[in-house]
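Everything on this sheet refers to the single structure shown next.
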Amino acid sequence: MIVAIDGPAGAGKSTVARALAERLSFRYLDTGAMYRALTWLAMYRGLDLSVGDVLAELARAEPVTFDVEGRVWIGGKDVTSSIRDQRIDRMVPVVARHSAVREVMRERQRELG
């Protein structure tokens with residue numbers, strides 16, 4: 001079973017999702033953190049966020065991982081706190097709008113699921 005929760009940043013989606021997953025003994029996967037991590041890495045590397053194919057290739061080459069404590073990793077870096085920055089908030093929609101990026105992310109989400 002897959003449960004998806006959508007809404008604006010800061011609405012409490014992750015808090016509700018974690019609690020629900022724990023209560024139902026489901027695995028929690030923060031897909032928003034995946035897009036945030038990719039956005040962070042692209043910005044860190046100075047890539048043009050308007051070029052979807054480049055971002056999709058970055059996502060393939062540097063898959064997002066989560067450790068047992070729930071920390072988010074990409075490109076060999078723990079980005080758990082870095083991806084919650086307002087600069088990232090503003091740029092995630094720019095990255096996520098690319099269909100090539102979403103395709104790679106869906107593949108990764110299936111692998112993690």
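Computed from a predicted model, the values in this text were never measured in an experiment. Heavy atoms only: backbone and side chains are in, while hydrogens, waters and symmetry mates are out.
Atom CZ of Phe26 has more than 12 heavy atoms from other residues, nucleotides or ligands within 6.0 Å. The local environment of CD in Glu111 is crowded, with over 12 non-hydrogen atoms from other residues, nucleotides or ligands closer than 6.0 Å. Counting heavy atoms of neighbouring residues, nucleotides and ligands inside a 6.0 Å radius, atom CD of Glu69 exceeds 12 of them. More than 12 heavy atoms of other shown residues, nucleotides or ligands fall within 6.0 angstrom of atom CZ in Arg97.
Applying the side chain to side chain contact (heavy atoms under 4.5 Å, CB included) criterion to Val104, with sequence neighbours excluded, gives Ala56, Ala59, Arg60. Tyr28 meets the ring-ring contact (aromatic ring centres under 6.0 Å, His included) test with no other residue; sequence neighbours excluded.
Taking CD1 of Ile83 as the reference point, atom CG of Asp85 lies at 10.5 Å (rounded to 0.5 Å). Between atom CZ of residue Arg87 and atom OG1 of residue Thr39 there is a gap of 12.0 Å, rounded to the nearest 0.5 Å. Put simply, CG on Asp53 and OG on Ser99 are 8.5 Å apart, with the number rounded to the nearest 0.5 Å. A distance of 5.5 Å separates CZ in Arg84 from OG in Ser14, rounded to the nearest 0.5 Å.
Between Arg45 and Glu62 a salt bridge is recorded (basic side-chain N to carboxylate O distance below 4.0 Å).
Closest approach of Asp78 to Arg71, counting heavy atoms only: OD2-CD, 3.1 Å. Between Met43 and Ile88, the shortest heavy-atom distance links the atoms SD-CD1, 3.8 Å. Smallest separation of non-hydrogen atoms from Val101 and Gly52: CG2-O, 3.8 Å. Between Leu29 and Gln109 the shortest heavy-atom distance is CD2-O, 3.9 Å. Nearest heavy-atom pair, Leu49 versus Leu55, reported as atom, atom and distance to 0.1 Å: O-CD1, 3.4 Å.
Side-chain contact between Trp40 and Ile74 is present, with at least one heavy-atom pair separated by less than 4.5 Å. The shortest distance between side-chain heavy atoms of Leu38 and Leu58 falls below 4.5 Å. Looking at Val72 and Asp30, their side chains never come closer than 4.5 Å, going by heavy atoms from C-beta outward. A 4.5 Å side-chain heavy-atom check between Trp73 and Val79 finds every atom pair outside the cut-off.
Side chain of Arg102 to backbone of Ala96: a donor-acceptor contact under 3.5 angstrom is found. With Lys13 contributing its side chain and Asp6 its backbone, the two residues share no donor-acceptor pair below 3.5 Å.
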Item checked: Check against salt bridge (charged side-chain N to carboxylate O under 4.0 Å, His left out), Asp89 and Arg36 -> CA-CA 8 Å; Asp89 288 347; Arg36 287 172 171 276; 2.6 Å; yes
